[in-house]
Each structure stands twice: as structure tokens, then as C-alpha cells.
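Scroll down for the structure; my scribbles are underneath it.
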Amino acid sequence: MAVCGVACGLWGLWLLLHSLSTDALIRLPLWLGGAVLVDDFLLIPLAIGAGWLLTRWTTVRATLLYVGVTTLIAIPLLLRQGKGVNPTVLSRNYLRDWLVLEATIVLVGVLALVIRLRRADGSAGSSHRRDEQP
Amino acid sequence: MSLRVPTEQSFSSPLHHPRVATVIGRWLGVAVAVCFLTGLFSHLQQSGPGWLFIPTRPASLYRVTQGLHVLSGTMAVPLLLAKLWTVYPKLFARPPWPPSRKAAGMIVERLSILVLVSALALELFTGFLNTLQWYPWPFPFRQTHYALAWIIVGALLVHLAIKFPLITSHWRGTAADREASQGTGLSRRSMFRAVAGAGALVGIASVGQSAPVLGSIAVLAPRKPGIGPQGLPVNRTARDAGVTAVDADWRLTVRGPKQLEYSLDELRALPQNRSALPIACVEGWSQGARWEGVRIRDLLALCGAPMSSRVRVISMEQDGFYTTSELPPQFAADPLTLLALRLNGSDLDLDHGFPARIIAPNRPGVLQTKWVHRLEVLP
């Protein structure tokens, strides 16, 4: 398997060397490095930080995850809004759609939280639950 | 308070666990495999190597595979992030000292992961931006995207080989998956649910560009079905292609054993046929449409060529990659393949290729050449 992997990787590298200009070949590693830096030192620490702040509430964490991920994907759409190469590309009002999407996610999250809290109250009576998992 | 470089032990959540990494890795692996295979199919469709026979049916095959390509790539974004989150503490693990075989192995493994993560992250990023037709990077998209795909698959196989013992020992669920951990936040199960939910959410919010039923909620997709001239989106407009108004002396030339020339009215007078076929773009969006025009195989018969001939299609397009395309014999012979003159009940819009364009089953949109003015039967 490892040998197959190395072979595939070398084939990809050969394709790169043969289809890209020297200039592009020099800049590509910078973009690859940038992708790692953004992931490892921006997105993941953000997720860990947010998770750490809200360590107890699973519903809140899941909601935050959904908001974060959909926003991440919406960023290019929001940046390019109205700049499509023709009117059929990026024809939506992405700002409005994004706001509606996030509002829906938060609303569903709040509903789920309320339902969970009620259930937890019902099952635990008035006793305080140390491991509350809304 | 002092800031220190974190160590592997700084991350207290029990979710940074090989079992969690295995499960999420499995999902990400499936997404990458689907994305790779569908992408390879698309690449082969476009590069058209002579040894490969591509069937003309199912007519919507390319629509499905390319829709899946973009969908699996988009859904891989939350999966990749979750996977990186899970194994993040490993980033701060220090290789053993003094240097040993073990330390060397760890460094090799780290390098393979660096290749995998950087290539995969950049691949998903460039792929998504390509669906917006936004190219802010200094390298060509198609070639780089294709080469990186092989590098990713290679690095992934190496990664799986290295992690094989760890994967097999954590493949099955354990008691910890079922029990909610006490007071430390997400249990494994709720984390799996949250990550799967994130994948499903971005999937549902973007698949509508290929499945028009969900078009109205495709808020994370660059395309909306039904938007465009004659209710169909356009990738390359006539203006982009350098095609201005087409005047009355336009002629279609068919060069085969006999050379034929048709004006638009003469083409309209030939037997007309209808095909319901999708335009399925490499960028993932697709939409079905009703086409009307002359069968390519009828034109072949008229010029005295066999029904199964390879046909070169030449556009009036000024420049770009797709000013010509080739119909392999099985596509030229297919009764659904048309030189289309009409779309959804009216003459083609200039942006859809007026006066005549190719429409064939199971083909990428870029090969459905528009503004056709010449067909050549190849030997």
C-alpha cells in the first residue's frame, strides 16, 4: 500500500513538473504552506478555543460548529457576491441567504437546547445535575 | 500568566482519541475516494484518451458523477477540519531524543502528513473557488487540481499504511462511544453526530445546484437552477467567447466524403428530433433541458459517412480551450446526440450557442460545443 502511495505521489509530482511553468512551481509550495498555516494555526485553534469556552454544552457546541462551518464556506460567496463572470454565476443574494441560514441554525439550536433542558429537568427532578448535557 | 508552546498533554478533551480519528478518518476517506474517482472520470472525459471507451448511457451519468464530485469535496471541508481537530495534539508531540529509528520514522510520517494536509486543504480550497470561477492563485487550475489529486491519493495510501495497526485496533466501537463522558463536554457519539450533521448541512445547502428540487435552499452554492437565458445557466457567454451577432450568411459546413453546406433555414428544414438532456458543468451544477435539432448521425448519413464516425466539432468561438471538441463514434451515432437549434421551445439564445450547438448524453458541458459552424468527419 505504501509503495502504491509513493508511486501515485510521484506520478502527481511528475504531472506538476510537466504541466506548470517554473514560476507557478515556485509559488505553489507557498500556497500549500499557506493552506497548512491557515488550518493548523487559525481554523483549528479557533475551534479548540471555542470548544474550550463552551466545554459543557454539547448543543451549543454543535450549533457553533454549524455556524462556523457554513460561514467558512459562505465567505468566498460573500466576497464574490455580484462579481460573477456572468449574471448566472453567483446570482443569489448571499448576504441575505447567509443571515437566514445562520438565524435558522441558531434558532434550531436554541429549540434543541430548550427541549434538552426540559427533558433533563423532567428526568432529574429538582436535583442539580453536575453533568448537565444540554 | 505566561504563554508556552503547548505540548501533546495540553489538550485535555478525551475526544483527541485514536478511535475518534479513525471514525472521522473513515468518513473523510470515503469523501476523498468519491471525489477522486469522479474527478478522474471527468478528467478522462475531457482529455479523451483513444484507449478509453466512454458509454453514452446512462445519459445523466456525468451529471451525477460531477455533482457528486463537487458535493463530496464540499462535504469534505467540515470532515477535514474535524479530523485535524481530533489529531491536533499530535502536532505538538516532540520526536524522541536522541535520534533513533523511531524518531526517523516519526519524521517521515510527519512529512507524509504535511504533504497530505497541505495538498488536501489547497485542493478543497481551489476546487470550491473554481465553482465560483474565481482564480486568485498564480498557477493554472486544471493541471494543478489534477496533479494534486494524485499526490493526495498517494499521501493518503502512505498514511493508511503507516497507521494500519492503529486503525485496525480502533476500527470497532468501544464502550466509550456509548457512554456520555462525565462533565467534559461532548461524548464521542455526540461529536460524531455533530460532525456528520455539519457535513450533511453543507451538503444540503449546496446540492441544489445539481438537483434543482433543492435549488431554492442551495444558499451555499454558486449556481441557482432556472437562472439564465431560456431558464438555463450559462458558463461562457457569447461575449466572453468573442461571438457577436450571427448574420444571415451563416453557414454550417459538414466535411466528410461529401462536403455539405447549410443555411440555418435549410437546417431547420431537415428532419428535427428532440432530446431531453442535461447540461452538466465541470463546476458541478447541472440542469435538464429540452433540445430540438438535427441528429448528428443524420448529418453523417447525408454526407456519406458511416454512422459511427469520429467527428470534430468546430466553434466560431475566438479563443479558449474548447473552440473545438471531438465526438467519439459512439456519441456521434447516438440517437440523442443533436446539433441543437432550439432549447426549451424557442430558438437558442446567443449565449446558449445560437445558431447551433452540440448536445450529447453523458458529457461534460465544456464538450457540448456552442456556436458550431463546422463539422469534420475524421478518418
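Chain naming here is simple, since letters A, B, ... match the order of the sequence lines and numbering starts at 1 in each.
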Between [X] and chain A, with a heavy-atom cut-off of 4.5 Å, which part of the residue counts as in contact: side chain, backbone, both or neither?
X        : result
B:Asp351 : neither
B:Ala221 : backbone
B:Ser112 : neither
B:Val202 : side chain
B:Leu132 : both
B:Pro140 : side chain
B:Leu91  : side chain
B:Thr86  : neither
B:Arg193 : both

What part of [X] gets within 4.5 angstrom of chain B, counting heavy atoms only: side chain, backbone, both, or neither?
X       : result
A:Leu79 : side chain
A:Leu65 : side chain
A:Leu43 : side chain
A:Leu25 : neither
A:Pro87 : backbone

*asked:* Can you tell me how far apart OG1 (B:Thr126) and CG (B:Leu148) are? Round to the nearest 0.5 Å.
replied: 6.5 Å
_I'd like to know if the side chain of A:Asn86 pairs up with that of A:Thr88 as donor and acceptor (distance under 3.5 Å, no hydrogens or angles considered)._
yes
